[in-house]
Amino acid sequence: MPDELDVLERHPKTAKPGEVMRPHNLMCFGCGAESPHGLQLEMYAGEGFTVEAKMPVEQWMEGGPGVIHGGILSSALDDVMGMTPRLLGPPGVTVHLQVDFLQPIPVGKTLHLRAEILGRQRRKIYTEGVAHLGDPERPVARANGVFVTVDVREHFAEHVENSAKAAEYMGGKPQL
Ligand SMILES: CCCCC/C=C\C/C=C\C/C=C\C/C=C\CCCC(=O)SCCNC(=O)CCNC(=O)[C@H](O)C(C)(C)COP(=O)(O)OP(=O)(O)OC[C@H]1O[C@@H](n2cnc3c(N)ncnc32)[C@H](O)[C@@H]1OP(=O)(O)O
C-alpha cells in the first residue's frame, strides 16, 4: 500500500452500519440474489469502513473431502472486500487479490466474513478481508484486495449485452 493516502469519508448515501448493502448486480456470482449458481451473499455495512457477511458452507462448495474449495472461499472474500468501495462512493473492480488459507473450513459450518478498507489513493482502494467460524480470534483465512473505482456505464458498456439482465441495464438506469 502506498504511503500517501487520501482521507477516507463515508458517502452520505451509503448504507448505515447494520443495513443491508445492495448487490453489485442481481446476477453477481458473489452477492446477486438472482444468480442461480452463485453464493448469494447478503452483505451488511459495518462500523467505519467495514462490510460483513455470513456464508453457510454447503455441500456443493466442497473442494477437498468435507472442506470448502479454496476458489469458493476466494470468491467470497473478493466479493465482500469488493463491496467496501461502495461505502465511499462509486463501485470498484478487483485488480489484485491475495488469499492466505489458514485452516481447513468444514462443510456444514457458517463462515463469517469481514472486509475493511485500509486506505485509498485516487481510484485505488486497498482492503483486507478475514474469515472465521464464529470466533474472531481464530481466523481461518485472510485476504487482501485492491479495487479500482470505475464508471459502470463506461466500464461495462461493451459487455452489458451479455448480461442476463441486459434488457433492464440497457433500457433503464444502472443499479448503483
Ligand atoms: C451500461 C450499464 C451497466 C449497468 C451496470 C449495473 C450494475 C453494475 C454495478 C456495479 C458493479 C461494479 C463492480 C463489480 C464489483 C465487484 C464484483 C466482484 C469483484 C470482481 O469480480 S471484479 C472482476 C475482475 N476484475 C476486472 O475485470 C478488472 C479488469 N481490469 C480493468 O478493467 C482495468 O484494469 C481497470 C478499469 C480496473 C483500470 O484500468 P484504467 O485504464 O481505467 O486505469 P489504470 O490502468 O490507469 O489504473 C488505475 C489505477 O489502478 C492501478 N492498478 C491497475 N491495476 C493494478 C493492479 N493489478 N495492482 C495494483 N494497482 C493497479 C494503476 O496503477 C492506476 O494507479 P494510479 O492512479 O496510481 O496511476
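Throughout, residue positions are numbered sequentially from 1 according to the sequence presented. Whatever order the structure lists them in is the order used to number ligands and atoms, beginning at 1.
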For atom 16 (C) of ligand 1, tell me which residue out of Gln121, His24, Glu161 has the closest non-hydrogen atom. His24
For the 3.5 Å polar cut-off, considering only N or O atoms, please tell me whether His96 and ligand 1 meet it. no
Pick, from Gly82, Pro23, Pro85, Gly92, the option with the minimum heavy-atom distance to atom 15 (C) of ligand 1. Gly92
Going from CD on Glu4 to CG on Asp6, what distance comes out if it is rounded to the nearest 0.5 angstrom? 9.5 Å
Exactly one candidate in Leu113, Val146, Thr127 meets side chain to side chain contact (heavy atoms under 4.5 Å, CB included) with Met81; the answer is Thr127
Arg86-ligand 1 polar pair, N/O distance under 3.5 Å: no
Look only at interatomic distance and state if Tyr169 has a nitrogen or oxygen under 3.5 Å from any nitrogen or oxygen of ligand 1. no
Counting heavy atoms only, which part of Arg123 comes closer than 4.0 Å to ligand 1: side chain, backbone, both or neither? side chain
Does Arg122 reach the side chain of Pro2, with side-chain heavy atoms less than 4.5 Å apart? no
Could you work out, for atom 12 (C) of ligand 1, the closest of Cys31, Pro91, Ser75, Pro90 by heavy-atom distance? Pro91
Ligand 1 versus Val95, non-hydrogen atoms closer than 4.0 Å: side chain, backbone, both, neither? both
Neighbour count >12 (heavy atoms, 6.0 Å) for atom CZ, Arg142: no
Hey, could you give me the NZ/NE2 distance between Lys109 and His132, rounded to the nearest 0.5 Å? 13.5 Å
Can you find an N or O of Arg153 that's nearer than 3.5 Å to an N or O of ligand 1? no
Using a 4.0 Å cutoff against the non-hydrogen atoms of Asp79, which atoms of ligand 1 qualify? 17 (C), 18 (C)
With a cut-off of 6.0 Å (strictly less than), are more than 12 heavy atoms of other residues, nucleotides or ligands near CD of Glu19? yes
Within a distance under 4.0 Å of any heavy atom of Thr94, pick out the atoms of ligand 1 and give their elements. 19 (C), 20 (C), 21 (O), 22 (S), 24 (C), 25 (N), 26 (C), 28 (C)
Side chains of Leu73 and Val140: closer than 4.5 Å at any heavy-atom pair? no
Is the number of heavy atoms from other residues, nucleotides or ligands within 6.0 Å of NE2 (His69) greater than 12? no
